[in-house]
Structure formats: C-alpha cells, structure tokens
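The structure under discussion appears below in the form of structure tokens.
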Amino acid sequence: MFITDKVVNMSLRIKFILASNSASRYRLLKNAGLSFSKTPPLCNEEKIKKKFLQKKTNKKNLPKYLAKEKALSVSIKEPNRLVVGSDTIIIFRKKIISKAKNLKEARKKLKQLSGKQHQIISCVSVCYKNKQIWYKKQQSTITLKNLNEKQIDEYLKKTGKQILSSVGCYQIESLGPQVIEDIKGDFFNVMGIPLFKFLKYLYRNK
C-alpha cells in the first residue's frame, strides 16, 4: 500500500485540517459529515496570486497553485496531519474576476455578468509532510439572468454586504438562484470545492 493510501485511511479516523477562511467551504464539508478542524492559511494569498500572474502562464491554473500553497503553508506547521486547501476563481472573457470591495462594485459586476456566461474553476489540494499528495481541479459554467438595474438593486438590498464574500456576487448557496439562469457542471464546485471528487478520494480505500 502506498503512503498516500495509508494517509487517506488515517484521515477517516483522525481529523484533517482545512486551511481556509471560507465559511461556505466549512459549512459544505460539515454538512457532508466530515470531521475536521479549520485554520486560516499561513500565507499571503494576494502576493502569491500576483507573483503567479506575472509569469503569464495559463490563468486557469491559478486555483491549483493557490490551493496547494494554502495547504502547504499549514502543513509546514502540522506535518503529521492531512491538510486540505482549496481555491476558486471566476474567468470572464478570458480575465480573472476579483471580489468586489463594496456594494457599488458588486452592482457593477452583476451588471457586467448579467445575461452572460462565465467559468468557475475550483481546485482542492491535499498535503502531508510538506508535500502535495493529491489534487483535483474542476470547471463549471454559470449563466446569469438578464437583469435590469432595478432587479440588481433589489437583489443587493436583500443580500447586503455579505454578498462581498462571493467572487461572483451571487452566493449560490443563499439567494443566488434568484439571479442565476443556468449551471453546467458540479454545483458544489461553484460553492468553492469539487466536493464529489474530494469525497471519492477520501473514501476510496475505506
């Protein structure tokens, strides 16, 4: 049996560590019945992102790179524990869309995405003893409804500032269905982690 198989079996008895600040990923994994602890990544995500994009490499690999760096930053402190990192980006017209800083920017973003498709790419990375032992990247496509300015204003009034935690400014797990027209791909991937792939990995040798 390979070391990765031993580690996976161990994770079913011992809590893994989720290296994340995301409340939605935490709820998602808890609702899936998993036992784990949570700690913020010990790295500067914006600095890592900026350095990666300066390389002019494929933008779609950014979540894979960030998920790995998040997990490794905690694995250094906890080498004998499984550490899980995850990251999500939105690609619209070949550009990466960042989180809105305020409701004014959120309004502008929803107007920009209204009636159009964009891609959501998420990646989950598993590290052990300061090494990545598994990862999975997945892509989904979202189409927003053709929203007018009044509909956008009413939506943001309902959501409030909590919408700023969502890159796409719609929070699919909450009021998102009110503005989303269609989803192609894994629903959980849109929420921030390729959950089915991750569960299959964890339980493959149970």
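Because the structure is predicted, anything quoted here is derived from the model rather than measured.
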Is any side-chain heavy atom of [X] closer than 4.5 Å to a side-chain heavy atom of [Y]?
X: S125; Y: V84; result: no
X: Y128; Y: V83; result: no
X: L195; Y: L28; result: yes
X: K150; Y: D153; result: no
X: N44; Y: I48; result: no
X: S75; Y: R81; result: no
X: Q171; Y: S24; result: no

Residues which pass side chain to side chain contact (heavy atoms under 4.5 Å, CB included) with L72, listed by chain and number, not counting sequence neighbours: K68, E69, C127
Side chain to side chain contact (heavy atoms under 4.5 Å, CB included) against N58, all qualifying residues, sequence neighbours excluded: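 N58 satisfies side chain to side chain contact (heavy atoms under 4.5 Å, CB included) with K60, N61 once adjacent residues are dropped.
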Got more than 12 heavy atoms from elsewhere within 6.0 Å of [atom1], [X]?
X: Y65; atom1: OH; value: yes
X: K137; atom1: NZ; value: yes
X: Y155; atom1: OH; value: yes
X: K101; atom1: NZ; value: no
X: K116; atom1: NZ; value: yes
X: K77; atom1: NZ; value: no
X: K51; atom1: NZ; value: no

Evaluation steps, side chain to side chain contact (heavy atoms under 4.5 Å, CB included), between I142 and I120: CA-CA 7 Å; I142 297 284; I120 292 185; 3.8 Å; yes
According to a hydrophobic-cluster definition based on side-chain heavy atoms being under 4.5 Å apart (Ile, Leu, Val, Met, Phe, Trp, Tyr only), do [X] and [Y] belong together?
X: L34; Y: V74; answer: no
X: W134; Y: Y203; answer: yes
X: L82; Y: L42; answer: no
X: L18; Y: M191; answer: yes
X: V124; Y: I172; answer: yes

Residues that F188 engages under ring pair (Phe, Tyr, Trp, His ring centres under 6.0 Å), provided they are two or more places apart: F196
K108: partners by side chain to side chain donor-acceptor pair (under 3.5 Å), with sequence neighbours left out: none
Partners passing side chain to side chain donor-acceptor pair (under 3.5 Å) against S140 (at least two apart in sequence or in another chain):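 Counting only residues at least two positions away or on another chain, S140 forms a side chain to side chain donor-acceptor pair (under 3.5 Å) with N189.
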Let me confirm one number: the [atom1]-[atom2] distance from [X] to [Y], rounded to the nearest 0.5 Å.
X: I121; Y: Q139; atom1: CD1; atom2: CD; answer: 4.5 Å
X: I96; Y: K59; atom1: CD1; atom2: NZ; answer: 6.5 Å
X: I97; Y: F92; atom1: CD1; atom2: CZ; answer: 6.5 Å
X: T39; Y: K70; atom1: OG1; atom2: NZ; answer: 13.0 Å
X: T159; Y: L103; atom1: OG1; atom2: CG; answer: 6.5 Å
X: L156; Y: K109; atom1: CG; atom2: NZ; answer: 11.5 Å

What donor-acceptor contacts under 3.5 angstrom involve side-chain atoms of residues 173-183, with partners at least two apart or in another chain?
{"unit_1": "Q178", "atom_1": "OE1", "unit_2": "K158", "atom_2": "NZ", "d": "3.1"}
{"unit_1": "D182", "atom_1": "OD2", "unit_2": "K184", "atom_2": "NZ", "d": "2.7"}

Working for side chain to side chain contact (heavy atoms under 4.5 Å, CB included), residues K99 and L164: CA-CA 7 Å; K99 287 183 179 180; L164 302 179; over 6 Å; no
Main chain of [Y], side chain of [X]: is a donor-acceptor contact present, judged purely on distance under 3.5 Å?
X: S86; Y: C123; answer: yes
X: S166; Y: I163; answer: no
X: N130; Y: I76; answer: yes
X: S114; Y: K145; answer: yes

CA sep, side-chain torsions, deciding dist, call: L29, I193, side chain to side chain contact (heavy atoms under 4.5 Å, CB included): CA-CA 9 Å; L29 294 176; I193 186 170; 4.2 Å; yes
P41 versus A19, closest heavy-atom pair with distance: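 Closest approach of P41 to A19: CG-O, 3.6 Å.
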Closest contact, heavy atoms only, L62 versus K49: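 Shortest heavy-atom separation between L62 and K49 comes out as CD2-CG, 3.8 Å.
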Full working for side chain to side chain contact (heavy atoms under 4.5 Å, CB included) between N21 and K38: CA-CA 8 Å; N21 288 312; K38 176 185 171 185; 5.5 Å; no
Mutual orientation of the aromatic rings belonging to F36 and F16 [parallel < 30°, tilted 30-60°, perpendicular > 60°]: parallel
Short N-O contact, E149 and R107, less than 4.0 angstrom: yes
Side chains of [X] and [Y]: is there a donor and an acceptor less than 3.5 Å apart?
X: R25; Y: T88; result: yes
X: Q138; Y: S122; result: no
X: Y201; Y: K136; result: no

